[in-house]
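Have a look at this one.
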Amino acid sequence: EAESSLTVLDYDLLVSGHDYSVEVARAYSHDGLGILAVTGAPNQTVDEPRLRLLHLARKLALSPPAELAKYERPELAYASGWSRGREVFKGKPDLTKGSWYAHALEDTPAVGDAAAHRFPLITAPNVWPSALVGEEFEASFKALSRALYELAGHVLRNADLAIGAGGVLRRTTHERSRLHVGRLLHYYAPAEGEAAGEEGGEGQWCGWHNDNSVITVLPPALWLREATGEPVDACEAGGLVVRTRKGRKVEVRPPQGAVLLQLGEAAQILSSGALMATPHAVLKGSSSLSREAFALFVEPHWDEQIGTADSLRALHEADAANGDVIPPLSRRLRKLPVEFGQFLADSFAEYYASSQRG
Ligand SMILES: O=C(O)CCC(=O)C(=O)O
Ligand SMILES: [Fe+2]
């Protein structure tokens, strides 16, 4: 059943040009999970920078708050640099995770771009916390991002084949866009006795949301004893959970070492609803364990016009299957085509209003 099982692709076959369009269509269509796994990616380009970076995520997040505050960028709505406690969750500042955001592939993607000034929050140059965690942080963030970006290109090639729309997904992301955002996350360990792994409110590290990206690449998360930094085997409770169009919650349990690729709303729009974003959340694990994670959001360029006018109604109808779990597209997407940067801004406002932003 498309609904119930995670599609797994082999890295070597995928990058050698194997036709995985049937598998990709199954995973990303209306009845799929909206997420698939790739096994066998090379250690040197994925696992080595990933482990270096994820250990540094903990080190960064446990740095003195006064030091971290130097890397907060309120003038960019905390969309770059350090962000903790700036999102509201159930009426309270969300202190349960800390994020580092940066342009993933280059420090200054706005250089020479005439439209960038219209999108000041998402086009500012990167900053890096080298003084706190060393130069290795920036180097591994970029190395990991580059490898994941290339992997995304192979999956999108197959998604393009599946929808037969002339290569729109790859063209929009890999040929035209310089807007690819990395988010490094430290999920702070729950205290003893805190409700972990349960689905409502207090048991969530991250509330239900869709990503706005075309595709989001998620290398394996790392569970650590927060106090010592010692790795532990995957935590039984907690982690990523997705919601199907039938309303079922599915815990994502990928094969060891697999990279996950999750579809976002920009792909849903670009494919006129043939492919669907997956609503997801992150549940807390056991007490005293932190979770370190990285997400690469592969996106259209800020001024790219996405979607076609005649697909608006069908998109809204298909999206209604998400129920009220996430802010419906119909409230954020009134006309098509829309500039991607505008869609991001409208989504951000809507998620903020409902206090559910991941
Ligand atoms: O931590 C994860 O596994 C997912 C994070 C996520 O959903 C996000 O940052 O949008
Ligand atoms: Fe997400």
Side-chain angles (χ1 to χ4, degrees), residues 6 28 33-38 46 50 53-54 57-58 61 78-84 86-87 89 94 96-102 104 122 141 144-145 148 152 179-190 196-197 199 203-224 234-235 237-243 249-254 257-268 276-285 289-299 322 325-327 344 347-348 350-352 354-358:
L6 184 66
Y28 292 157
L33 292 176
I35 190 164
L36 59 73
V38 174
V46 175
R50 174 185 81 89
L53 184 63
L54 294 184
R58 168 182 167 277
Y78 305 95
S80 173
W82 177 247
S83 173
R84 184 186 183 191
R86 299 301 173 178
E87 293 166 14
F89 187 58
D94 175 13
T96 65
K97 58 182 175 290
S99 302
W100 186 274
Y101 292 99
I122 56 173
F141 194 112
L144 177 61
S145 295
L148 299 180
L179 183 59
H180 306 297
V181 177
R183 181 188 195 183
L184 180 64
L185 283 143
H186 173 86
Y187 295 93
Y188 290 89
E199 203 245 292
Q204 287 182 355
W205 259 328
C206 173
W208 288 101
H209 66 283
N210 273 343
D211 293 345
N212 304 125
S213 60
V214 171
I215 198 165
T216 303
V217 193
L218 302 162
L222 182 65
W223 295 88
L224 300 176
C235 183
L240 185 65
V241 23
V242 301
R243 182 188 187 273
K249 315 281 164 61
V250 179
E251 288 183 15
V252 182
R253 297 268 177 233
V259 176
L260 294 167
L261 292 106
Q262 171 175 279
L263 216 72
E265 287 177 340
Q268 188 170 326
M276 298 282 285
T278 198
H280 55 285
V282 180
L283 307 186
K284 288 180 182 172
L289 298 187
S290 64
R291 182 174 178 271
E292 323 299 323
F294 184 77
L296 173 70
F297 303 105
V298 176
E299 298 179 335
N322 287 326
V325 175
I326 57 155
L344 263 188
S347 292
F348 192 73
E350 192 59 48
Y351 271 95
Y352 243 86
S354 74
S355 304
Q356 280 279 315
R357 172 75 178 164

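If you read the sequence from its start, that first residue is 1, and numbering goes on from there. FYI, side chains are in, hydrogens and waters are out, and symmetry mates aren't considered; it's all heavy atoms of this structure. Counting starts at 1 for both ligands and their atoms, in listed order.
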With a heavy-atom distance limit of 4.0 Å, tell me whether D211 approaches ligand 1 through its side chain, its backbone, both, or neither. side chain
How would you list, by chain and number, every residue that makes a ring-ring contact (aromatic ring centres under 6.0 Å, His included) with W82, sequence neighbours excluded? none
Of all N, O or S atoms in D211, which has the smallest distance to the Fe ion (ligand 2)? OD1
Find all atoms of ligand 1 within a distance of less than 4.0 Å from any non-hydrogen atom belonging to V282, and give their numbers and elements.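 Those qualifying, in numeric order: 1 (O), 2 (C), 4 (C).
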Under 4.0 Å from a heavy atom of Y187: which atoms of ligand 1 are those, numbered in the order shown and with their elements?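 Counting atoms of ligand 1 from 1, those under 4.0 Å from Y187 are 1 (O), 2 (C), 4 (C), 5 (C).
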Apex the Fe ion (ligand 2) - arms NE2 from H209 and NE2 from H280 - angle rounded to 10°: 90°
Can you sort out the partners of Y188 under ring-ring contact (aromatic ring centres under 6.0 Å, His included), two or more places apart, ordered by chain and number? H186
Any idea which atoms of ligand 1 are less than 4.0 Å away from a heavy-atom of H280?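 Checking each atom against H280, I get 7 (O).
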Ring-plane angle category for Y187 and W205, please: parallel below 30°, perpendicular beyond 60°, tilted otherwise. tilted
Ligand 1 versus W205: contacting region, heavy-atom distance under 4.0 Å: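 W205 to ligand 1: no contact under 4.0 Å from either part.
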What are the atoms of ligand 1, with element, lying closer than 4.0 Å to any heavy atom of F297? 8 (C), 9 (O), 10 (O)
Taking T278 for the side chain and V242 for the main chain, is one N or O donor matched with an acceptor at less than 3.5 Å? no
Using the benzene-type ring in the case of Trp, are the ring centres of Y78 and Y101 under 6.0 Å apart? no
Quiz question: by atom type and distance under 3.5 Å, do the side chains of D211 and H280 form a donor-acceptor pair? yes
Check whether any N or O atom of Q262, backbone or side chain, sits under 3.5 Å from an N or O atom of ligand 1, and answer yes or no.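 No, there is no polar N/O contact under 3.5 Å.
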Ignoring hydrogens and geometry, is there a side-chain-to-backbone donor-acceptor pair from H209 to A281 under 3.5 Å? no
Run the numbers on I35 and L263 for side-chain contact (heavy atoms from CB on, under 4.5 Å), then give the verdict. CA-CA 6 Å; I35 190 164; L263 216 72; over 6 Å; no
Hey, which atoms in ligand 1 end up nearer than 4.0 Å to a heavy atom of R291? 1 (O), 2 (C), 3 (O)
Could you list the atoms of ligand 1 found under 4.0 angstrom from a heavy atom of A293? 1 (O)
